[in-house]
Amino acid sequence: MFNIILFGPPGSGKGTQSEKLISKYGLKHLSTGDILRSEIAGQTPLGQAAKSYMDKGQLVPDEVVIEMISSSLDNNPGAYGFLFDGFPRTTAQAEALDKLLSQKKTEIAVVLALQVSQQELVERLLNRGLTSGRSDDVDESVIGARIAEYEKKTAAVAEYYRKYEKVVFIKGEGSIDEIFDLLCKEIDRLISAQQVSH
Ligand code: AMP
């Protein structure tokens, strides 16, 4: 299997790049944000519980998202690999993911970390709010809270994977295609290295 984490702050382009990457590499896209929004749309108890956190720009509790990812892994036994988008967002989630993957005799191949300046993030999110239908993209104070959560809890996830030398930083500013090309170069390099070692 070949598993990737696409990492970065809110507005760094994870969703956009994920769509392109999954279609090029045949990976299964696991976005905890998308799963949570579909739970909210379906008015499930999980969605209702998560909504109050999401509306404030806060992270949903670890147990909730870990359980969601655990079932998604179980529900896709034949996948060639997974692209994790918006997960893990805390060190506890990263540890849980490593455990879940090792139970399936696999691991994270690489963490591709998109780097975008804070000013550009806020501009992109406000812009996205005009069309995304996401209430958490409209209010500047909620956007600020999401970026603050990222700095307080999520940035540490890159440190966690750096210990295992799995993080590659990618310049997340430029055109969508330029950024996509940078991501693909890294992935192609890793896939050929994996083929050589097998
Ligand atoms: P996203 O679509 O990735 O920007 O996520 C939107 C919101 O969903 C976040 O602001 C959080 O409230 C929640 N969320 C998504 N993924 C996670 C996660 N891995 N851990 C905790 N909360 C999450």
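The structure presented is a predicted model; accordingly, all values stated were derived computationally and were not measured. Whatever order the structure lists them in is the order used to number ligands and atoms, beginning at 1. The basis for the numbers below is simple: all heavy atoms, side chains too, and nothing from hydrogens, waters or symmetry mates.
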Exercise for the section: Using modelled atom types only, decide if a donor and an acceptor are shared between the side chain of R146 and the backbone of D136 within a distance under 3.5 Å. Expected result: yes

Exercise for the section: Compute the minimum heavy-atom distance from K56 to ligand 1 and say whether it is under 4.0 Å. Expected result: no

Location of contacts on [X] toward ligand 1, heavy atoms closer than 4.0 Å:
X	answer
L59	both
Q58	backbone
R37	side chain
K153	neither

Closer than 4.0 Å to some heavy atom of [X] - which atoms of ligand 1 meet that?
X	value
G33	2 (O), 5 (O), 15 (C), 16 (N)
T32	15 (C), 16 (N), 17 (C), 18 (C), 19 (N)
Q93	18 (C), 19 (N), 20 (N), 21 (C)

Exercise for the section: Answer yes if the side chains of D139 and S141 hold a donor-acceptor pair under 3.5 Å, and no otherwise. Expected result: yes

Practice task
Return the residue, atom name and 0.1 Å-rounded distance of the protein heavy atom closest to atom 4 (O) of ligand 1.
Solution key: R134 NH2, 3.2 Å

Problem - atom 13 (C) of ligand 1 [closest protein heavy-atom partner, distance rounded to 0.1 Å] - result: L36 CD1, 3.6 Å

Exercise for the section: Let me see the working for M68 and V65 under side chain to side chain contact (heavy atoms under 4.5 Å, CB included), right down to the final yes or no. Expected result: CA-CA 5 Å; M68 276 171 20; V65 286; 4.2 Å; yes

Is it true that atom [atom1] of [X] has more than 12 heavy atoms of other residues, nucleotides or ligands lying nearer than 6.0 Å?
X	atom1	answer
I176	CD1	no
Q103	CD	yes
Y25	OH	yes

Practice task
Anything under 30° is parallel, anything over 60° is perpendicular, the rest tilted; go ahead and classify Y80 against F2.
Solution key: parallel

State whether the shortest distance between N or O atoms of [X] and N or O atoms of ligand 1 falls below 3.5 angstrom.
X	answer
D34	no
V60	yes
G86	yes

Exercise for the section: Could you check which of M54, R89, K14 puts a non-hydrogen atom nearest to atom 1 (P) of ligand 1? Expected result: R89

Problem - Any side-chain heavy-atom pair of V168 and I170 under 4.5 Å - result: yes

Handout entry: Test: K166 cationic atom under 6.0 Å from Y161 six-membered ring centre, within 45° of axis
Key = no

